[in-house]
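What follows is a single structure, written as structure tokens, with notes after it.
Below, read A as the first sequence line, B as the second, and so on, with proteins coming before strands; counting in each chain starts at 1.
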Amino acid sequence: MLRIIFKPTERCNSNCKYCDVVKKNVVKDMPPELLGTVFSRVGEYLRTHPGEDISFLWHGGEPLILGPDYFRQARDLENKYFPAEKARVHHAVQSNLTLLTPEFLEVFRELRIRGIGTSYEPLPGIRGFGAARDWQAYNRDLSRAISLMKASGFTYGFIYVVTREALPHAEELFYALTNFYGGGRLTINPVLIYGEDPHRLAVTPEEYAEFLGKVFALWWKNPDRYPGVNPFAHYFNTIIKRRPTLACSDSGDCARSFLYVGPGGETSQCGRSADWGIVSYGNLKDRTIDEVLRDPKRADFEKRNSVLASGECRGCRLWGLCHGGCPLDPFPEHGNIFHKTSLCAATKTFVEKYFEPITGHKYNA
Amino acid sequence: MTRNNWTIVDSPLAWRIQGEPAKRAIRVTSLADLREAAGLEDPEIGGILADLPWLRLPDLEAASFPAKPSLTLYLGGAGELLAYSDKLAALKRPGVSVFLPPTRQGITDLRILSSLGVRCGILFGREVPDWDFLTDLLCYAAYTKTPHAWIEPFAYVHANYKGPSSQLDWRDAYFRDAGRGPTAPEDAFGGGLTACTSCPGWRVCGGALSAYLSPEGAPCREFASALLETAEYVHAKNNI
């Protein structure tokens, strides 16, 4: 499946402390005619790859800032460019939800969307509106949106970003996040800081592993009570069930299956590489999706596996769990992707100090 | 006695007992008012809430039990079984229930009433619960295989818990001032990380025990967690 991370806008109504989009401060939307170009490229790809589906993730910025009409245009463009193939396009939305209205849900239904990914930060002052970062108003709007989604039969899942401020509150945060379970996943990630860290939010790999370890002990007692909590479910599936379901960062196979499209039609490997401005595959105005996926620069992502497996990661018994981690992780330090992730110690510490002893299952590749 | 002494309260509990569309109940605070309300025939009234915390079951009269609308008794205790055994038939009628405070004696009385087939419940908010006794009563309500009548709020939670997406507030099962209900669970979002939202049992409590929180901690936390465990057990049992 091709995974398109589609960012039609860089604008956002929130002011999250750790956000790369906020740091960039770019005010840019994809104009309607370019949206048409993107959808015609998608139609082209669907017809030349009849057996393949596309995951189409609306990302931002805040995608809902574009208003429901923008999504209605997308619905009409599907009917114009790939009416017979649209069932093979699986739309998803990652949104802060604070602008959600019933009109959005109506058009989302028409786009076959039944769930929305969002973020929730119970700690004060990290996510919020305006210069004062009004977190209470933000969470109130999020709460209102969640009530609306529940009443309309939509599901939601959370991403939680672990910052330095979260470290002393691991257990409380876990319960607060899972108490609002909405049928989707809860994904826990470390904050990723590229460049300066004026708010001192960054966590070390060991600190992140300790946070995960505390939370994992709670999750493991009753995984059915807390469904879809990652990275735990990924590790559970991979280590115990032996049916790997690794995140993109650990899968080692993102080279040819991910495509980022930005508001100017520019393409990159993924949202993160675009936010950091470190990989460019040209513009969909000039190139087809196939051409972008065949870009020679993608060969580096494929080559990375063999470089690491015979180099820095050689002999590591956990290789199959992380494949050296996200190729972009080493970029801030090394300026290239041919090194293992800076979060290597987090994976090792979590698996060997917590996952394996707590579950009694040892990872065997 | 006049109707001015009566208060109209929303009665979701009465609705659940009777299986009829939601109705309101009359709240009375004296035996005389209860006697008069028991004789009332008003299709708009679904039940009577007799709020008499200074009384026990032996203090009630036969005339206190209405023929039709449901009767919920908020009492201070049950009293000696021998002293109220003559009222057992009336107490076991559908629509009649007895609510007692969560003190050690109240909880002991509730266990006896439940085992006798009298529908009953815990009257929170007036006495500080004995949390260990309360947890024992919860386990009795959820796990015992001998026949017994339901005990609120356990019955409400066990009937309505549908898995991880559930966010219950058992105050929905209690009488409350007309038009005033608990706030939606999602409203806790805006409050961020609180003793309630970070409690493992929050999804089956919804803040109903928040009156017991203190700067020293959350004494209700273990009980709420145990309530969630029983809810999961009952849910799993019902879905085998």
* To do: For atom CD of B/E222, decide whether the heavy atoms of other residues, nucleotides or ligands shown that lie under 6.0 angstrom number more than 12.
  => no
* Asked: Do the two ring centres, one from A/F71 and one from A/W58, sit under 6.0 Å apart?
  -> yes
* Asked: Any chance the side chains of A/H234 and A/T245 put a donor and an acceptor closer than 3.5 Å?
  -> yes
* More than 12 heavy atoms of other groups within 6.0 Å of A/R185 CZ -> no
* **Partner chain A: residue of B/G163, B/S165, B/A195 with the largest heavy-atom pair count (under 4.5 Å)** => B/S165
* Between A/F350 and A/Y208, is a side chain to side chain contact (heavy atoms under 4.5 Å, CB included) present by the stated rule, with each step listed? -> CA-CA 9 Å; A/F350 172 68; A/Y208 177 58; over 6 Å; no
* Asked: Of the listed residues (A/E121, A/R225, A/E172), which shares the most heavy-atom pairs with chain B below a 4.5 Å separation?
  -> A/R225
* What do you reckon, are the aromatic ring centroids of A/Y160 and A/Y120 less than 6.0 Å apart? -> no
* Under a 4.5 Å heavy-atom cut-off, does chain B meet the side chain of A/Y226, its backbone, both or neither? -> side chain
* Structure fact -> Among B/G201, B/C196, B/C199, B/S198, the residue with the most heavy-atom pairs under 4.5 Å to chain A is B/S198
* To do: Let me know if A/P124 has heavy atoms under 4.5 Å from chain B in its side chain, its backbone, both or neither.
  => neither
* Sort A/L173 into side chain, backbone, both or neither according to what part of it lies under 4.5 angstrom from a heavy atom of chain B. => both
* Hey, which of A/L123, A/D141, A/T178, A/T155 has the most heavy atom pairs under 4.5 Å with chain B? -> A/T178
